[in-house]
2 protein chains.
Amino acid sequence: MEHPTLPSRSRGPFASVKITDVAALAGVAPMTVSRVLNTPDRVSQLTAAKVRAAIEQLGYVPNLIAGGLSSRRSRMIAAVVPTIASPMFHEPVQVFTDAMGAAGYHVMLALSGYEPEAEDAQIRAVLARRPDGLLLTGAHRTPAMRLLLSDAQIPVVEIWDVSDSPTDILVGFDHGEVGAAVADFFAAAGHTHYAALLASDPRAMARSQGFAQRVAQLGHVMVAEHRLPAPAAIRDGRLGLRAIAQRLAGRTALFGSSDNVAYGAILEAGVLGIAVPNQLSVCGFGDFDISRDAEPGFTTVRVDGAEIGRSAAEQLLLRMNGATKPNRVLVPHRILPRAST
Amino acid sequence: MEHPTLPSRSRGPFASVKITDVAALAGVAPMTVSRVLNTPDRVSQLTAAKVRAAIEQLGYVPNLIAGGLSSRRSRMIAAVVPTIASPMFHEPVQVFTDAMGAAGYHVMLALSGYEPEAEDAQIRAVLARRPDGLLLTGAHRTPAMRLLLSDAQIPVVEIWDVSDSPTDILVGFDHGEVGAAVADFFAAAGHTHYAALLASDPRAMARSQGFAQRVAQLGHVMVAEHRLPAPAAIRDGRLGLRAIAQRLAGRTALFGSSDNVAYGAILEAGVLGIAVPNQLSVCGFGDFDISRDAEPGFTTVRVDGAEIGRSAAEQLLLRMNGATKPNRVLVPHRILPRAST
DNA sequence: TTGTAGGCGTTATCAG
DNA sequence: CTGATAACGCCTACAA
């Protein structure tokens with residue numbers, strides 16, 4: 001079918017088939033075409049068939065921008081994440097996008113980097129598109145942003161973190177708790193001296209802080225705490241270990257703020273002749289592919305990013321479909337002991 | 001300022017400040033508010049100041065969905081990529097998004113996976129939002145899709161591949177050529193026996209095919225060609241090498257379809273007691289972090305993903321600002337020899 | 001420099 | 001089950 005009557009062919013630059021064209025061809029009112037598309041149950045089989053034929057013949061693509069203005073529903077969700085360069089974020093984003101897609105929503109992704117002002121600017125910008133919901137990273141908002149979000153009157157999920165006063169829905173876990181758990185894990189293995197290599201993003205810092213606090217509570221020793229730029233890659237882990245190598249005690253337990261950092265440290269330890277795990281025990285964070293697939297694999301903390309994405313989508317959908325009370329989902333984390341400890 | 005006159009507070013669920021509210025408060029016509037936002041040059045300083053104060057006081061966020069319907073410009077670009085799990089795609093996407101953002105466009109990302117039907121469905125879906133431009137991955141479209149795209153009357157950039165008949169703008173390189181270059185590189189080092197581990201996505205297969213063809217042209221021997229699921233991770237490289245290990249000749253040159261695959265092969269070679277580079281030379285593709293930061297680093301093919309993203313944005317912007325002839329940008333690739341060859 | 005009129009393409013609402 | 005009418009919130013086009 002070569003779209004014989006395609007209006008777009010003859011209308012110049014503003015060419016586009018619209019609902020009235022379809023309606024005319026099918027011999028029905030535009031509203032009926034709309035119903036075929038949005039509420040097929042309320043249209044007779046026969047009419048629907050005629051309309052669908054017309055749609056097909058004309059190559060009609062509904063204009064969601066017009067529909068959105070009219071219905072006040074954009075069928076779009078905005079997601080604001082620092083970056084997609086890390087599995088930490090692209091996993092939840094990918095799963096969230098798929099899940100929302102299955103429910104008929106498009107996800108618009110905005111990348112905010114690691115500067116708070118950039119994040120606020122991105123949120124402001126996407127709000128102009130009138131999303132039906134919002135996915136944000138982290139749970140700490142400025143008062144001005146909270147006001148803006150509450151004015152927007154849409155459900156908001158915050159992921160990857162917990163807070164006592166979330167904006168709305170929360171799907172995450174306590175990063176400080178993770179750090180403490182790692183310290184306990186090391187202590188249980190007989191460690192007394194510790195080090196940390198942490199990226200300077202808010203959540204990595206929370207993990208590191210929880211780690212250091214627990215070490216202090218145990219009466220043990222932090223021999224080094226080294227900060228890396230965010231987002232931190234394998235190279236940063238290598239440089240980091242090199243930077244703190246001299247301060248390492250006879251036997252040290254190292255917590256890396258991500259698996260990339262931890263793996264870099266392990267590689268550099270090899271170069272420096274520091275034995276892993278005997279002289280240096282290493283625990284990463286994230287359960288990225290590399291922690292499992294490296295030879296040998298190394299110990300890390302697993303948090304199911306896919307589960308966060310799925311749960312975020314589920315909660316948002318529930319709320320958009322009428323659930324009134326915002327929920328709070330705590331995602332579990334667990335340490336996966338492997339050969340590096 | 002507690003937004004004293006905020007209409008949203010009193011209008012129920014459809015609350016939202018609109019341009020008329022701002023206009024009323026500022027004592028001007030709605031059109032003037034629009035001008036302050038879109039063409040500030042055409043408004044007097046004084047008026048602009050009053051309007052801006054009103055905007056600030058009311059917390060007005062322009063409704064781009066209404067503006068888009070009226071102006072027929074959505075100020076949005078849709079990008080359809082297979083996945084963001086690989087640096088292959090998230091690099092260009094991140095850079096493209098930033099570049100378009102600087103030019104006032106939002107990018108809506110759609111993830112298509114590796115099935116062609118899914119890609120077509122995603123393109124169809126995003127077209128309903130009337131993007132001002134489109135970024136697609138790969139350069140091969142079905143006739144039906146070509147028709148749909150030409151009806152959409154918007155600029156389209158296709159990245160990561162070349163084609164003799166691109167839809168519109170093209171920013172990419174010839175994957176077959178890359179494979180041939182890698183074969184030549186190996187041959188120049190005295191190799192005569194080769195193997196390939198390739199993910200089954202179209203571009204990886206093109207690279208592999210170019211590789212095998214050149215090997216044949218040279219009169220040399222392909223001892224193994226093993227296919228992996230797409231997208232392929234480190235684990236797949238490990239499994240892949242294990243699968244072909246018995247077929248390896250005394251000295252074999254291995255081409256991995258990505259750095260993840262190559263690194264997996266290198267790790268598994270270590271486990272199997274196959275010496276790299278003496279018994280097995282390895283070349284990856286992508287210049288991911290791991291190829292540089294592994295110890296030692298390994299040989300790979302570098303294609304500047306960031307450059308692809310930047311160039312795609314530039315070309316699209318040129319075209320949206322009136323450039324009439326579609327461009328074709330060939331991005332260079334080069335082999336970075338490191339310790340694995 | 002500013003304002004007025006009208007319409008962008010769709011859907012909510014109410015009537016038949 | 002189907003149709004007519006009136007918005008949705010903003011911007012183009014034209015006028016003052």
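First the proteins, then the strands, lettered A, B, ... as listed; each starts at 1. This one's a predicted model, so the numbers in the text were calculated from it and none came from an experiment.
With respect to A/Arg319 and A/Asp168, a salt bridge is recorded, a charged nitrogen being found less than 4.0 Å from a carboxylate O. Contact check on B/Arg328 versus B/Glu158 returns no salt bridge, with no Lys/Arg side-chain nitrogen under 4.0 Å from an Asp/Glu carboxylate oxygen.
Under the side-chain hydrogen bond (donor to acceptor under 3.5 Å, both in side chains) criterion, B/His90 pairs with no residue, sequence neighbours left out. When the side-chain hydrogen bond (donor to acceptor under 3.5 Å, both in side chains) test is applied to B/Arg310, the partners found at least two apart in sequence or on another chain are B/Glu307.
Between the NZ atom of A/Lys18 and the P atom of C/dG9 there is a distance of 4 Å, given to the nearest Å. Here C/dC8 presents its P atom at 12 Å from CG of A/Asp21, a figure rounded to the nearest Å. One atom, CG of A/Leu69, and another, P of C/dG7, lie 16 Å apart when rounded to the nearest Å. Computed from coordinates, the A/Gln45 CD to D/dT2 P distance equals 10 Å when rounded to whole Å. Rounding to whole angstrom units, CG of residue B/Leu46 and C1' of C/dT1 are separated by 12 Å. Per the geometry, CZ belonging to B/Arg42 stands 11 Å off P belonging to D/dA13, to the nearest Å. Protein atom CZ of B/Arg129 is 22 Å distant from nucleotide atom P of C/dC8, rounded to whole Å. Rounded to an integer number of Å, the gap from CE of A/Met76 to P of C/dT10 is 19 Å.
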Where protein sits on nucleotides 11-16 of chain C, one letter per nucleotide: B base, S sugar-phosphate only, - none, heavy atoms under 4.0 Å:
BBB---
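Side-chain atoms of B/His106 and B/Arg75 include no donor-acceptor pair closer than 3.5 Å. Between the side chains of B/Tyr60 and B/Arg52, not a single donor N or O lies within less than 3.5 Å of an accepting N or O.
Where B/Arg130 and B/Thr32 meet DNA chain C, the nucleotide closest to each residue was compared, and B/Thr32 sits on the side nearer the 5' end.
Side-chain N/O atoms of A/Ser44 include one lying less than 4.0 angstrom from OP1 or OP2 on D/dT2.
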